[in-house]
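A quick note: this is a predicted structure, and the numbers were derived from the prediction, not measured.
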Amino acid sequence: MWFFRNVWIVPALMALSAVLILFFGKRLPRKGSEIGLLFVGLSLVFSLLTAGAWLGWVDDDEGPTQGAAATFSEVDENCSNLADEARAGGELDLDATEAGDHGGDETAAGAASTTVTGGPDATAGPDVVAPASGVPPGEGESASAAVAAAEEGEEYSSTRPIVSCVAWFGSGDTSISIGTMVDGPSVLMLVVVTIISLLVHVFSTDYVKGDRRYTHYFAFLSLFTASMLFFVLSENTLQMIVGWELVGVCSFALIGHWWEEKPNSDAALKAFITNRVGDVGLLVGVIILFFAAGKSFSILDINIAAAEGAINQGVLLIASLCLIAAVMSKSGQFILHTWLPDAMAGPTPVSALIHAATMVVAGIYMVARLYPVFWEGLSIPGSSINALAMVGAVTALFGALLAFVQKDIKKVLAYSTVSQLGFMVTSLGIGAWTAAMFHLFTHAFFKATLFLGAGSLSHACHHSFNMVDDMGGLRKIMPKTFWTYLIATGALAGIFPLSGFWSKDEILAGTGSFPGTSGANGEYHLMLIMLLLAAFCTAAYMTRTIWYAFYGEFRGHGHPHESGPAITIPLIILATLGAIAGLANLPFNLGPMEKYRFEHFVEPVGLYFPSLSHADFHPVLAVFSVAVGLSGIAAAYFYYWKGAFAPLQGLSERNKAAAWGKNVLVNKYYFDWLYTTVIVGFVKGPLARAANWANQHVLDGVVNGVGRGSAATGKWVYDNVDQKVVDGAVNTSAAASGGAGGVLRLIQTGRVQQYAALFFVAAAVLTGVFVVLVG
Amino acid sequence: MLLNQFLLLSAILFCIGVYGVIVRRNGVLVLMSIEIILNAVNINLVVFSTYWGIGGQVFALFIISIAAAEVGVGLAIVLLIYRNRRSIDIDELDELKG
Amino acid sequence: MTGLVALLAQVGTEAQVDTTFDVPANVVFAVTAVFMIVAALRVVTTKNIVHAALWLIIVLGGVGVQYLLLQAEFVAVTQFLVYLGAIVVLILFGVMLTRAPLGVSTDLDNDLKPLGIGAGLVLAVVMGFALIQSFGADQLDFRAYDSALGLDDPQTAAAGRTGAVADGIFGQYLIPFEMISVLLLAALIGAIVLARRD
């Protein structure tokens with residue numbers, strides 16, 4: 001319990017580390033890296049202890065796990081309105097949120113009040129059935145699942161989150177708290193982030209050795225970790241935004257670490273600005289949810305209200321679409337993914353950290369955190385397509401295709417991350433929540449291995465990442481790097497029994513589309529096809545990197561050598577984890593070990609979470625997915641090693657269609673071109689020109705027309721009115737205005753103080769007039 | 001105490017500040033005169049806060065912090081002018097001349 | 001300094017006892033006011049920039065004393081801290097960085113003196129007229145003020161006026177307060193961008 005209540009220490013440690021490094025780092029013998037290592041090590045120990053405590057907590061059969069009051073017994077007062085009410089009254093009362101529900105979709109609201117007041121109370125179970133049966137087909141499955149859970153009675157237990165909070169600030173009658181929320185996903189992220197961060201710290205001590213901003217680099221590494229930890233432990237959405245932005249700022253600083261070179265600072269700016277686009281979505285989504293959940297930022301409140309149907313489904317749909325925009329930018333999903341490959345401009349360990357554990361995972365985690373919003377808003381259960389799954393599947397496939405044409409090994413890995421994040425988002429979109437988190441978990445290890453491996457390669461090859469021109473044949477020279485890279489590639493390609501196989505297979509099974517699978521939440525046929533294609537491409541392009549980096553002749557110059565222990569040891573640890581992490585969630589009944597299963601302790605069950613069903617392991621699908629991965633590897637193997645498909649070699653030089661296809665890929669589907677040339681260019685060019693044209697022609701035309709009209713009138717007057725009288729008057733007024741101009745010219749001196757004096761005098765005169773008139 | 005004794009003091013300070021803004025050539029001295037004006041206004045706000053509640057004092061505090069920001073930016077501008085022209089005579093800044 | 005603050009605070013408290021006829025407070029006011037006006041005049045007329053900055057200290061300190069007389073302790077303390085502690089120092093830095101002549105210099109004023117005097121007098125006449133006409137011989141009434149703030153209630157009196165200021169800043173005026181923090185940040189960045197050499 002102590003660990004759950006004091007888990008804030010973990011981000012605080014890392015923040016303290018950043019401050020200490022900044023202040024004292026330069027004076028220490030190892031320039032501050034020792035502080036970073038010490039603190040991140042402490043954080044890891046704390047996180048592991050917390051995770052251990054959490055295993056015990058989930059499995060704690062002693063505690064009362066029935067009913068809302070018991071579920072929220074460990075939620076601090078004033079953190080969550082609904083939890084407070086539940087503790088006070090023993091039941092959830094969603095009247096408050098229903099009042100804030102504008103319009104009121106009657107089926108959702110109707111289902112809400114009944115499901116909720118009955119809730120998980122076993123006695124109320126039967127009552128729930130009647131109204132739930134009236135729910136339309138889309139909702140049917142989730143509602144009946146909830147009912148089934150409720151009817152199970154004694155066996156039904158709900159995860160008890162531990163929420164601690166203190167008042168942050170209040171304005172009017174709204175009080176905003178800040179605190180930590182400990183449950184499955186946050187404990188998982190705590191461990192993943194600290195492990196990867198520790199290894200990246202170790203790796204960096206060698207990799208950026210002698211860098212001119214070494215101390216500064218470690219300070220930001222610590223701050224980056226602290227921000228991510230702060231984000232994952234957030235207790236309310238406002239706090240999440242703070243963590244989200246902190247992560248963004250730190251990534252900006254780290255991507256632009258070598259800012260003296262223009263491309264690097266451009267890449268940092270691009271990452272930052274692209275993320276701003278999505279942040280608008282996040283902000284709007286959070287504000288919508290704030291009002292929808294009865295003026296509360298609390299994640300618990302939002303999740304309970306959404307899961308129990310107290311919020312209009314339309315409102316949830318809009319909120320989830322806004323949040324998807326945020327995910328698209330942060331997690332590099334398609335059309336806003338363009339910053340991610342450019343972010344490779346940063347030091348490689350930073351890329352590993354960004355891609356494996358922090359930055360890009362933030363988007364996935366946000367969806368996982370507010371899952372009921374998406375679950376209800378996008379009607380995930382029982383459906384066959386929705387925005388989240390579509391974004392993910394498109395990203396998975398198109399990101400994988402892009403990886404084929406990259407020369408830069410880091411860019412291949414960057415697109416691979418884009419593609420794998422697409423897998424996770426799809427998985428969330430099809431209702432396979434646990435599979436998404438599991439893939440996040442395994443991906444963190446093998447992707448960190450790959451990135452650090454790429455770093456090790458470039459360390460040996462004069463800091464070049466160009467695998468086509470500067471690498472090759474490094475298999476013999478760098479055996480440790482080679483083997484770890486190979487294992488991670490196998491995991492990424494989903495080869496049995498490496499970790500990627502288990503998590504990817506779970507996602508594929510979760511689509512519920514493969515013949516014979518059961519237990520999925522819907523039937524996402526399109527997603528299965530796209531994901532399988534993406535899996536094939538993944539295997540093939542990863543094999544391509546192995547060919548270029550490790551086989552053939554060495555094409556660079558100098559004498560490459562294996563990296564030192566600070567680089568190889570993290571690689572070996574990560575590769576080992578990447579190989580065995582899949583054992584955490586074996587899809588079999590493990591008997592006594594069951595309680596240590598990933599699914600058991602990560603996935604929240606109960607009131608604040610939709611009741612997910614889990615796709616069963618399907619041997620045919622598993623064999624099929626491995627076959628897909630192997631065929632991808634085989635295709636690349638025959639193409640590169642054996643020179644097979646000879647007609648295909650150099651196809652893009654001969655065939656126009658192929659050349660066109662390659663061009664599209666090399667230009668990254670022209671997205672950068674679209675953003676910079678078309679959109680910005682349109683605003684700068686045609687739009688500005690159009691405005692100018694309108695100014696020139698329309699406005700000037702009006703002015704000219706008025707001028708001509710007045711000229712005509714004047715001529716008429718001149719001709720018809722007595723010329724002499726008017727003439728005299730005109731001459732006089734001309735002389736008068738000329739004289740006045742001459743006088744006024746004198747005060748137009750350009751001297752600011754004279755203007756000020758005139759201003760004050762005029763103000764005084766006006767005040768005087770005002771006083772005389774009013775007073 | 002009379003309400004007016006404070007208000008008149010503030011009015012006099014304000015006028016002195018206005019005189020300084022108009023007459024001083026040196027940029028730093030102009031900034032000092034602006035400080036006098038801001039303080040005169042602040043006295044007004046605090047006096048009236050005895051009339052209409054605490055808002056006046058709150059805004060006086062806001063003005064103090066804004067004045068700090070203003071002096072910071074103002075001095076930065078003066079420094080920039082000095083660096084570009086080796087002089088901070090406001091008189092010479094007459095590019096606005098028509 | 002602290003002794004002076006305590007003394008003035010005491011004077012202020014006495015003023016609360018009798019609002020109609022309070023000689024000590026009026027004496028303090030008159031002396032301070034004279035000092036302030038003389039000092040302000042010196043700021044705008046002296047021929048030595050550093051002296052001007054020193055005279056400015058007297059004006060700003062005097063304003064702080066007036067706040068104490070008006071029983072706005074928190075504003076007074078902020079005045080002393082921010083103005084005397086920070087802004088004057090900043091201005092002295094400005095004087096030094098621009099290498100202003102440290103001794104007497106004759107060209108500190110421009111040729112707009114008549115205009116300046118005219119503007120000042122016009123403003124003074126208008127404002128003086130308006131003030132005398134509007135407020136005449138109105139008395140400051142701290143008791144009504146305190147009851148408006150809830151300070152006559154012993155329950156809420158404990159927090160004092162400073163508590164009331166805090167409630168104001170973090171309650172009704174929270175958003176302006178946040179805006180000012182953003183403004184300060186912007187000013188900070190702006191000042192750095194303007195002043196750095198590159």
Side-chain angles (χ1 to χ4, degrees), chain B residues 1-9 11-20 22-29 31-33 35-36 39 42-43 46-47 49-51 53-55 57-62 64-73 75-80 82-83 88 90-91, chain C residues 22 25-26 29 33 37 40-41 43-44 49 52 56 59-60 63 66-67 70 72 75 78 82 86-87 90-91 94-95 97-98 100 108-110 112-113 115-116 119-120 123-124 127-128 131-132 135 137-140 142 145 148-149 164-165 168-169 173 176 180 183-184 187 190-191 194-195:
Chain B
M1 284 184 288
L2 297 178
L3 191 59
N4 250 342
Q5 66 193 55
F6 291 100
L7 296 179
L8 286 175
L9 171 67
I12 292 168
L13 286 180
F14 187 89
C15 297
I16 295 174
V18 166
Y19 171 80
I22 293 171
V23 167
R24 291 307 211 172
R25 288 175 78 174
N26 187 298
V28 180
L29 281 171
L31 277 180
M32 289 188 209
S33 307
E35 290 309 312
I36 294 179
N39 273 278
N42 262 356
I43 293 181
V46 174
V47 170
S49 83
T50 62
Y51 249 42
I54 209 71
Q57 291 191 26
V58 172
F59 275 89
L61 289 169
F62 287 170
I64 290 177
S65 53
I66 290 175
E70 173 248 302
V71 171
V73 175
L75 280 177
I77 293 174
V78 168
L79 272 184
L80 200 65
Y82 174 74
R83 218 177 284 145
I88 50 169
I90 309 256
D91 273 19
Chain C
D22 37 9
N26 275 330
F29 170 82
I37 291 169
L41 284 172
V43 170
V44 295
I49 296 187
L56 186 66
V59 180
L60 301 177
V63 173
Q66 303 294 359
Y67 292 157
L70 288 165
V75 186
T78 314
V82 175
I87 292 184
L90 207 57
I91 285 177
V95 171
L97 285 174
T98 52
L108 283 179
D109 288 351
N110 58 25
L112 292 172
K113 256 188 191 159
L115 190 56
L123 272 174
M127 287 197 287
L131 289 175
I132 289 167
F135 297 105
D138 287 6
Q139 291 286 336
L140 276 175
F142 288 110
Y145 167 53
L149 293 180
V165 172
I169 292 180
Y173 299 107
I180 282 187
L183 178 97
L184 280 175
L194 283 175

Enquirer: So, taking the atom named CD in C:Q139 and the one named CG in B:L3, what distance separates them when rounded to the nearest 0.5 Å?
Expert: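 Rounded to the nearest 0.5 Å, the CD-CG separation comes to 9.5 Å.
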Enquirer: Mind ranking B:L9, B:L31, B:V18, B:V73 by heavy-atom pairs under 4.5 Å with chain C and telling me who comes out on top?
Expert: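 Greatest number of close heavy-atom pairs with chain C: B:L9.
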Enquirer: What do the steps show when you test B:L2 against C:D138 for side-chain contact (heavy atoms from CB on, under 4.5 Å), and what is the final call?
Expert: CA-CA 6 Å; B:L2 297 178; C:D138 287 6; over 6 Å; no
Enquirer: Output, in order, the C-alpha distance, side-chain angles, deciding distance and verdict of side-chain contact (heavy atoms from CB on, under 4.5 Å) for C:L60 and B:N39.
Expert: CA-CA 7 Å; C:L60 301 177; B:N39 273 278; 2.9 Å; yes
Enquirer: Using non-hydrogen atoms and a 4.5 Å limit, figure out which bit of B:L75 sits close to chain C: side chain, backbone, both or neither.
Expert: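 Interface part for B:L75: side chain.
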Enquirer: Quick one: what part of B:L29 sits under 4.5 Å from any heavy atom of chain C, side chain, backbone, both or neither?
Expert: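 Contact with chain C involves the side chain of B:L29 alone.
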Enquirer: Just so I understand: if I count every heavy-atom pair under 4.5 Å between each of C:G190, C:A40, C:G168, C:A86 and chain B, which residue has the most?
Expert: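 Highest number of heavy-atom pairs under 4.5 Å: C:A40.
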Enquirer: Heavy-atom distances under 4.5 Å only: say whether C:F29 touches chain B with side chain, backbone, both or neither.
Expert: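 It is the side chain, since no backbone atom gets that close.
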Enquirer: For B:V58 and C:V165, work out which heavy atoms get closest and say how close.
Expert: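 Scanning both residues, the minimum pair turns out to be CG2-O, 4.0 Å.
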Enquirer: What part of B:L13 lies closer than 4.5 angstrom to a heavy atom of chain C: side chain, backbone, both or neither?
Expert: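 Just its side chain gets close to chain C.
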Enquirer: For a quick test of reading the model, state the closest non-hydrogen atom pair linking B:A76 to C:A191 and the distance between them.
Expert: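 Between these two residues, the closest heavy atoms are CB-O, 3.7 Å.
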Enquirer: Do C:I49 and B:M32 have side chains that approach each other closer than 4.5 Å (heavy atoms only, starting at C-beta)?
Expert: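 C:I49 vs B:M32: side chains touch.
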Enquirer: Checking heavy atoms, do the side chain of C:V43, its backbone, both or neither come under 4.5 Å from chain B?
Expert: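 Contact with chain B involves both backbone and side-chain atoms of C:V43.
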Enquirer: Is the shortest side-chain heavy-atom distance between B:N42 and C:Y67 below 4.5 Å?
Expert: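 Side chain of B:N42 against side chain of C:Y67, heavy atoms only: contact under 4.5 Å found.
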Enquirer: Run the salt-bridge test on B:R25 and C:D109 with the 4.0 Å N-O cut-off and return the result as yes or no.
Expert: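 Salt bridge: no.
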Enquirer: Which pair of non-hydrogen atoms, one from B:A11 and one from C:M127, has the smallest distance, and what is that distance?
Expert: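 Here B:A11 and C:M127 meet closest at O-CE, 3.8 Å.
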Enquirer: Between C:L41 and B:Y19, is a side-chain contact (heavy atoms from CB on, under 4.5 Å) present by the stated rule, with each step listed?
Expert: CA-CA 9 Å; C:L41 284 172; B:Y19 171 80; over 6 Å; no
Enquirer: Against chain B, label C:I180 side chain, backbone, both or neither, depending on which of its atoms sit under 4.5 Å from a heavy atom there.
Expert: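 Just its side chain gets close to chain B.
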Enquirer: Using a cut-off of under 4.5 Å for heavy-atom pairs, which of C:V59, C:V82, C:I87 has the most such pairs with chain B?
Expert: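 Heavy-atom pairs under 4.5 Å are most numerous for C:I87.
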Enquirer: Can you tell me which of B:N4, B:V71, B:I22, B:L80 forms the most heavy-atom pairs within a distance under 4.5 Å of chain C?
Expert: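 Top option by heavy-atom pairs under 4.5 Å: B:N4.
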Enquirer: Rounded to the nearest 0.5 Å, what separates atom CZ in B:F59 from atom CD1 in C:I169?
Expert: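 With rounding to 0.5 Å, CZ (B:F59) is 10.0 Å from CD1 (C:I169).
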Enquirer: Which region of C:L56, side chain (C-beta onward) or backbone (N, CA, C, O), has a non-hydrogen atom less than 4.5 Å from a non-hydrogen atom of chain B, or is it both or neither?
Expert: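 The side chain, not the backbone.
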Enquirer: When rounded to the nearest 0.5 angstrom, what is the spacing between CD1 in B:I43 and CG in C:L70?
Expert: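 B:I43 CD1 to C:L70 CG: 8.0 Å, rounded to 0.5 Å.
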Enquirer: Pick whichever of B:G72, B:S49, B:S33 has the most heavy-atom pairs under 4.5 Å with chain C.
Expert: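 Top count of heavy-atom pairs under 4.5 Å with chain C: B:S49.
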Enquirer: I would like to know whether C:L97 and B:Y82 meet side-chain contact (heavy atoms from CB on, under 4.5 Å); could you show each step before the answer?
Expert: CA-CA 9 Å; C:L97 285 174; B:Y82 174 74; over 6 Å; no
Enquirer: Which atom names give the shortest non-hydrogen contact between C:L183 and B:I66, and what distance separates them?
Expert: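 In this case the closest contact between C:L183 and B:I66 is CD2-CG1, 3.8 Å.
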Enquirer: Which atoms of B:V23 are under 4.5 Å from chain C, going by heavy atoms: the side chain, the backbone, both sets, or neither?
Expert: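 Both the backbone and the side chain of B:V23 come within 4.5 Å of chain C.
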Enquirer: Ignoring hydrogens, what is the shortest heavy-atom contact between C:V44 and B:G20? Give both atom names and the distance.
Expert: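 Minimum heavy-atom contact is CG1-CA, 3.4 Å.
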Enquirer: Please name all residues satisfying side-chain hydrogen bond (donor to acceptor under 3.5 Å, both in side chains) with B:Q5, sequence neighbours left out, ordered by chain then number.
Expert: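 For B:Q5, the residues satisfying side-chain hydrogen bond (donor to acceptor under 3.5 Å, both in side chains) (neighbours in sequence not counted) are C:N26.
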Enquirer: Under the side chain to side chain contact (heavy atoms under 4.5 Å, CB included) rule, collect the residues that match up with B:I12, sequence neighbours excluded.
Expert: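 For B:I12 the side chain to side chain contact (heavy atoms under 4.5 Å, CB included) partners, ignoring immediate neighbours, are B:I16, C:I37.
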